[in-house]
2 protein chains.
Amino acid sequence: MAEREVDRSVSQTVKAQLALRDQILSGVLRPGERISELQAVETTGASRTPVRMALVRLEEEGLLEAIPSGGFMVKAFSERDISDSIELRGTLEGLAARFAAERGVSARELEPLKECLAAIDGLLRQVPISVDAFSSYVALNARFHALLTELSRSPPLIRQIDRASALPFASPSGFVMAQSALPEAQQILIIGQEHHRVVIDAIENREGARAEAIMREHARLAVRNLRLALRNRTHLGLLPALALIKTATD
Amino acid sequence: MAEREVDRSVSQTVKAQLALRDQILSGVLRPGERISELQAVETTGASRTPVRMALVRLEEEGLLEAIPSGGFMVKAFSERDISDSIELRGTLEGLAARFAAERGVSARELEPLKECLAAIDGLLRQVPISVDAFSSYVALNARFHALLTELSRSPPLIRQIDRASALPFASPSGFVMAQSALPEAQQILIIGQEHHRVVIDAIENREGARAEAIMREHARLAVRNLRLALRNRTHLGLLPALALIKTATD
DNA sequence: ATCTTTCACTCTGTATACACATCTCGGCGC
DNA sequence: GCGCCGAGATGTGTATACAGAGTGAAAGAT
């Protein structure tokens, strides 16, 4: 129906935020580069006030850094920053899994998780996995992690996990994509799926410690694989926000 | 020297943010109450633009919540939100302690921590502890936690811990104050100090798992004590941001 | 030739004006 | 009497104008 409706229904602030985030993640704005409000006004089409609001939000999100003398610059991340972010998110998800297990979850609440699991099982039956199936996998995996997080029923924890996932390389989709760059990608996906199965089982049986441990192992595996993937950057076409990684020459 | 210098050197945005935070934490603005920008402009003395920036920052900080129809309201927290926030921070600090232990810390870096420890030891020798000594304790305890966090040398983790401490009841000072409301406060402080001693020992000996475990236990103890303290609210004069806790009548 | 100083420009921080949406209150109709 | 509709007011979202600070370049002096 109305095609251009979004242009009016979405606020200028959100529009500017999305546009700037795209520019950062796509590498148009390089790490360390100062962001000019005026230039942002031109490229986003919004005015200075919404642009400023967007800049503040992106700073809180972790993509920008405030410059003491004023203004913002694109943040640069080291490889260790990235692996730490993944491990951090794994630790938080571990806590979420433990909360879910200790506080108890009804069969009805667990249903969507099991559906996710079954759907992923179906996808992984393909060897090797097709490109389409892989992108379905990425979406389903993100959904699984989001559902698991919500099982904790802890708004502060959910909020914190969302924050920890804001950085693209730390999000479930992000590190799955990074792992997929490896030759043994298929095997990695299968192991990850096994982790998912175990965490659900642990939550069902109310084994908090086991649920937590498996999620942390899940993240540690991702960190190991990411390190491997970063060794041969030629395979990293799929890694989002590679532009954010500061190189040795910087 | 220059006393009024701050009024000009501090930006209007920061001034507004501090003023609004004070109003929220002191209970002038009640949980669930909508914040009027116009009213905020009057009470803070800043103009609308910096006030809006401050509101966005306070939302990201977790003290405010965006209203779908526009504007912001003061966020309300349940008792579980609070205990979850503390446990969350403990988990994060546990990770920081593990990072510190695994990555190794020089004797020179550990020095400030040990000074903190010794200073607190001196304070705790008083039985019962005086009011002045207690507020020194609160400051030293906060410093100890901040130093420990930095030992992780992980900017993403440090950032996340800072965020988790933004809510006053989740900060080190906050929950120490809450615990102090209990009759067995002195004993609690001594146990906490013992935890501090153990974590330093674990980091020195590069025992990551032990360092992490003790910090999590440290937080769990705080949660238990906070639950006790909340049972008899009459003792809670020192608990900051009690105004943020939503009551059963809400 | 190099260093220093000054001038000008650009950018951010702040203030304010304008437009539109939302909510409320009063009046009118059923 | 109750409900609905409209007008007004309040308040947010947005745009823009202005001031001050910081930066860079250019010119002059040593």
Side-chain angles (χ1 to χ4, degrees), chain A residues 1-2 4-24 28-75, chain B residues 2 4-24 28-61 63-75:
Chain A
M1 317 184 193
R4 287 284 161 209
E5 196 176 83
V6 269
D7 282 344
R8 297 193 180 280
S9 68
V10 167
S11 75
Q12 296 295 306
T13 300
V14 172
K15 194 178 83 175
Q17 190 174 350
L18 292 176
L20 285 173
R21 186 171 13 213
D22 273 354
Q23 288 182 31
I24 296 169
V28 175
L29 298 167
R30 315 273 305 241
E33 187 175 348
R34 183 176 195 148
I35 288 194
S36 158
E37 283 187 10
L38 217 54
Q39 186 182 334
V41 165
E42 287 173 10
T43 58
T44 62
S47 170
R48 271 194 67 206
T49 305
V51 162
R52 282 184 68 76
M53 303 251 305
L55 290 175
V56 171
R57 290 203 135 93
L58 288 170
E59 182 206 0
E60 305 287 341
E61 199 171 300
L63 254 43
L64 297 181
E65 202 173 351
I67 301 174
S69 64
F72 299 95
M73 55 180 273
V74 180
K75 209 162 172 178
Chain B
R4 285 289 161 205
E5 196 176 83
V6 269
D7 282 343
R8 296 194 181 279
S9 68
V10 168
S11 75
Q12 296 295 307
T13 299
V14 172
K15 195 179 82 177
Q17 189 174 350
L18 292 175
L20 285 174
R21 184 167 20 210
D22 273 354
Q23 288 183 30
I24 295 168
V28 174
L29 298 168
R30 315 272 305 239
E33 186 175 348
R34 182 178 195 145
I35 290 193
S36 158
E37 283 187 8
L38 215 56
Q39 187 181 334
V41 165
E42 287 172 9
T43 57
T44 63
S47 171
R48 270 193 68 203
T49 305
V51 162
R52 283 184 67 78
M53 303 252 305
L55 290 175
V56 172
R57 291 203 135 92
L58 288 170
E59 182 207 0
E60 305 287 341
E61 200 171 300
L63 254 44
L64 297 181
E65 203 173 347
I67 300 175
S69 65
F72 299 94
M73 55 179 276
V74 180
K75 207 162 174 178

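Model, not experiment: these values are computed from the prediction.
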- Query: Within this structure, what is the CD-to-C1' distance between B:Q17 and C:dG13, rounded to whole angstrom?
  - Reply: 15 Å

- Task: Rounded off to whole Å, could you give me the CD1-to-C1' distance for the B:I67 and C:dC23 pair?
- Result: 13 Å

- Protein-nucleotide distance (A:E59, atom CD; C:dG13, atom P), rounded to Å: 11 Å

- Item | Check: B:V74 and B:R30 side chains under 4.5 Å, non-hydrogen atoms | no

- Message: Any non-hydrogen side-chain atom of A:R52 less than 4.5 Å from a side-chain atom of B:R52?
- Response: no

- Task: Kindly say if B:R48 contacts the phosphate of D:dT12, meaning a side-chain N or O under 4.0 Å from OP1 or OP2.
- Result: no

- Query: Within a strict 4.5 Å, meaning less than it, do heavy atoms of the A:R21 and A:L58 side chains meet?
  - Reply: yes

- Using a cut-off of strictly less than 4.0 Å, decide whether A:T13 has a side-chain nitrogen or oxygen near OP1 or OP2 of D:dT14. yes

- pair A:E59-B:R57: side-chain heavy atoms closer than 4.5 Å: yes

- Note on the structure: Ranking D:dA15, D:dT14, C:dT14 by distance to the side chain of A:S47, first place goes to D:dA15

- Query: Within this structure, what is the CE-to-C1' distance between B:M73 and D:dG11, rounded to whole angstrom?
  - Reply: 17 Å

- Please report, rounded to the nearest Å, how far the C1' atom of D:dA15 is from the NZ atom of A:K15. 13 Å

- Item | Comparing A:A46 and B:R34 on DNA chain D - which has the more 5′ nearest nucleotide | B:R34

- Message: Need one value for B:I35: base, sugar-phosphate or nothing, where a base atom within 4.0 Å counts as base even if backbone is also close, heavy atoms only.
- Response: sugar-phosphate

- Task: Please determine, for the side chain of B:L38, which listed nucleotide (D:dG11, D:dT14, C:dT12) has the closest atom?
- Result: D:dG11

- Presence of donor-acceptor pair under 3.5 Å, side chain of B:T49 and base of C:dT16: yes

- Message: Closest approach to the side chain of B:R52, judged atom by atom: which nucleotide of D:dT23, C:dT14, D:dT12 is it?
- Response: D:dT12

- Between CD of A:E42 and P of C:dT10 the distance, given in whole Å, is 13 Å

- Here the distance between atom P of C:dT12 and atom CZ of A:F72, to the nearest Å, is 10 Å

- Query: Would you say the side chain of B:S36 and the base of D:dT10 hold a donor-acceptor pair, judged only by whether the two atoms sit under 3.5 Å apart?
  - Reply: no

- Item | A:A16 to A:A46 - nearest heavy-atom pair and separation | CB-CB, 4.2 Å

- Query: Once you round it to whole Å, what is the distance between P of C:dA15 and CE of B:M53?
  - Reply: 12 Å

